[in-house]
Amino acid sequence: MLKDYDLKQLVSPLLQWFLNHARVLPWREKPTPYRVWVSEIMLQQTRVEAVKPYFERFTTALPDAKALAVCPEDELLKLWEGLGYYNRVRNMQKAAVEVVENYGGQLPADYEKLLKLKGIGHYTAGAVASIAYGIPVPAVDGNVLRVLTRVSADDTDIMKQSFRNEMEKLLEKLMHGADGRNEKNVFPWMEDADDLRAKVYHQNLAGAFNQALMELGATICVPNGAPLCTECPWKDFCEAKKQELIGQIPVKSKAKPRKIEKKTVLILRDDEKVAIRKRPAKGLLAGLYELPNVEGNMGQEEVLSMVKEMGYAPIRIQPLGEAKHIFSHIEWHMTGYAVRVEEPEMHPQVQCEKNRADGLLFVEAEDAKEKYAIPSAFAAYAKYMNILLGNEKKA
DNA sequence: AATGCGGGGAC
DNA sequence: GTCCCAGCATT
């Protein structure tokens, strides 16, 4: 059990290791509260490598909370396109509005206040408070749970909320003792605390400690495959290694099997424009744009009659084959068709922004790519948006 | 406590 | 194929 394990012996070796092995990451160079916040939201359930290309672009386009607060939704979603979990960015914008209204545009240097903001839970509040402000509070994520259960050979199910709560309490006590969250009093029991503080990133011991735990999990005590125990600063302290339990810890209850949904996806276009459609404001891929699609896998004839039923005059149809997209809880098994139709009577752009009754928006293929956020689920078919049908060859 | 919510990399 | 990632909101 972790609560019986001596965590104090781990802190100094961990920080010493982190001094030499911390990765250079964009958000570590200039850890302003806003940049730390953006990075932490992006990093929720998302790997560092996936976040990198998004972070610079996002913070350049929206350099502070005020800019984020007033950004139009389509632009915001476009900046987030492909990152997934799109409610993260919508919640972050709601929080930005609150930060501008209540905190003068600056994130509060207060764990409890951070926790009240939309999209900020225990982990993110702890990460921002410690990394941006040096406040000694823990930031317990999947990495932390893995390295701590392994080092102590704890076989508790890490999916249990109660266990996560215990870890936070334990770490909080470790970080600031019993005298509150004083940023000048991190690891008060540690003899070389001040010496280490002088050496770590931005002289921030609390932030360095939390990041070091996660760094250890991300680069040494890895989730997939064999951990690199020979390079681990805790190799002499690790109970899982001693007892050869590395492969069995952490214990994690299994996820439910995914639901399979069949879909027919259309590249519906006339001689110049292609149809897209805005998804509902709630639920899967909320507010993003998609290729028109219906439930079920249809054949050519079925698609043609449906397109006619929708009020279009098909000229030619071309099958685009099958594609699969896997979400965390759903699988889309899709079949796609390119259907060329005669020009609809009313293009919404021409008709004073009035959408067609079927909700389809006819746009230039270039615009569909550049201006509208279309999730990766449609990538297998979206790539055909700018090819022409019939005898005309690829553009 | 359980469920919904993306996408991709490692094995 | 399986696992899981610097999780959070809602019910």
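Letters A, B, ... mirror the listed sequences (proteins, then strands); counts begin at 1.
- When the options A/I276, A/V274, A/N386, A/V339 are evaluated for a side chain to side chain contact (heavy atoms under 4.5 Å, CB included) with A/I267, the one that passes is A/V274.
- The nearest whole Å value for the distance from the NZ atom in A/K256 to the P atom in B/dA2 is 11 Å.
- For A/H122 and C/dA6, the NE2 to P distance is 21 Å, given to the nearest whole Å.
- The number of heavy atoms from other shown groups lying within 6.0 Å of NZ (A/K66) does not exceed 12.
- A/F327 has its ring centre less than 6.0 Å from the ring centre of A/W332.
- Per the geometry, CD1 belonging to A/I158 stands 10 Å off C1' belonging to C/dC4, to the nearest Å.
- Applying the side chain to side chain donor-acceptor pair (under 3.5 Å) criterion to A/N143, with sequence neighbours excluded, gives A/D141, A/R146.
- The number of heavy atoms from other shown groups lying within 6.0 Å of NZ (A/K242) is above 12.
- Within 4.0 Å (heavy atoms only), A/K282 reaches no atom of the nucleic acid at all.
- Note: A/W27 and A/F55 have perpendicular aromatic rings, judged against thresholds of 30 and 60 degrees for the angle between ring planes.
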- Task: Take nucleotides 6-11 of chain B nucleotide by nucleotide from the 5' end and write B, S or -, depending on whether a protein heavy atom sits under 4.0 Å from the base, only from the sugar-phosphate, or from neither.
- Result: BBBB--
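- Comparing the C1' positions of C/dC3 and B/dG6 gives a spacing of 15 Å, expressed to the nearest Å.
- Ion pair A/D194/A/R197 flagged as a salt bridge, since at least one NZ, NE, NH1 or NH2 atom sits closer than 4.0 Å to an Asp/Glu carboxylate oxygen.
- When heavy atoms are screened at a 4.0 angstrom cut-off, A/K254 is found touching the sugar-phosphate backbone but no base atom.
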What pairs of nitrogen or oxygen atoms, one from the protein and one from nucleotides 9-11 of chain C, lie under 3.5 Å apart?
from: C/dA9; atom 1: OP1; to: A/G119; atom 2: N; distance (Å): 2.4

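- For the pair A/R146 CZ and C/dA6 C1', the interatomic distance rounds to 11 Å; values are reported in whole Å.
- Listed by residue number, there are no residues of residues 18-32 of chain A with a heavy-atom contact under 4.0 Å to DNA chain B.
- Looking at heavy-atom distances under 4.0 Å, A/K160 makes no contact with the nucleic acid at all.
- The CG-P distance, from A/N143 to C/dC5, rounds to 7 Å in whole Å.
- Rounded to an integer number of Å, the gap from CD1 of A/I330 to C1' of B/dT3 is 11 Å.
- For A/S12, the side chain to side chain donor-acceptor pair (under 3.5 Å) partners are A/D192, not counting sequence neighbours.
- Comparing the same atom, P, in B/dC11 and in C/dA6 gives a spacing of 14 Å after rounding to whole Å.
- Residue contacts for A/T124: at a heavy-atom cut-off of 4.0 Å it reaches the sugar-phosphate backbone alone, with no base atom in range.
- Here C/dC5 presents its C1' atom at 15 Å from NZ of A/K52, a figure rounded to the nearest Å.
- As judged by a 4.0 angstrom heavy-atom cut-off over every strand, A/V48 is placed among the base-contacting residues.
- Within residues 204-215 of chain A, no residue has any heavy atom under 4.0 Å from DNA chain B.
- The salt bridge (Lys or Arg N to Asp or Glu O under 4.0 Å) test applied to A/K94 returns no partner, not counting sequence neighbours.
- In this structure, A/D157 has no salt bridge (Lys or Arg N to Asp or Glu O under 4.0 Å) partners at least two apart in sequence or on a different chain.
- Under the ring-ring contact (aromatic ring centres under 6.0 Å, His included) criterion, A/F187 pairs with A/W189, A/F209, sequence neighbours left out.
- By the rule that hydrophobic residues join a cluster once side-chain heavy atoms approach within less than 4.5 Å of another member, A/L245 and A/F163 end up as members of separate clusters.
- Every residue meeting the salt bridge (Lys or Arg N to Asp or Glu O under 4.0 Å) condition with A/E73, not counting sequence neighbours, appears here in chain and number order: A/R90, A/K278.
- Not counting sequence neighbours, A/E40 has no partner by the salt bridge (Lys or Arg N to Asp or Glu O under 4.0 Å) test.
- Take A/K252 and apply the side chain to side chain donor-acceptor pair (under 3.5 Å) test, not counting sequence neighbours, and it matches no residue.
- Atoms CD (A/E331) and C1' (B/dC5) sit 16 Å apart, rounded to a whole Å.
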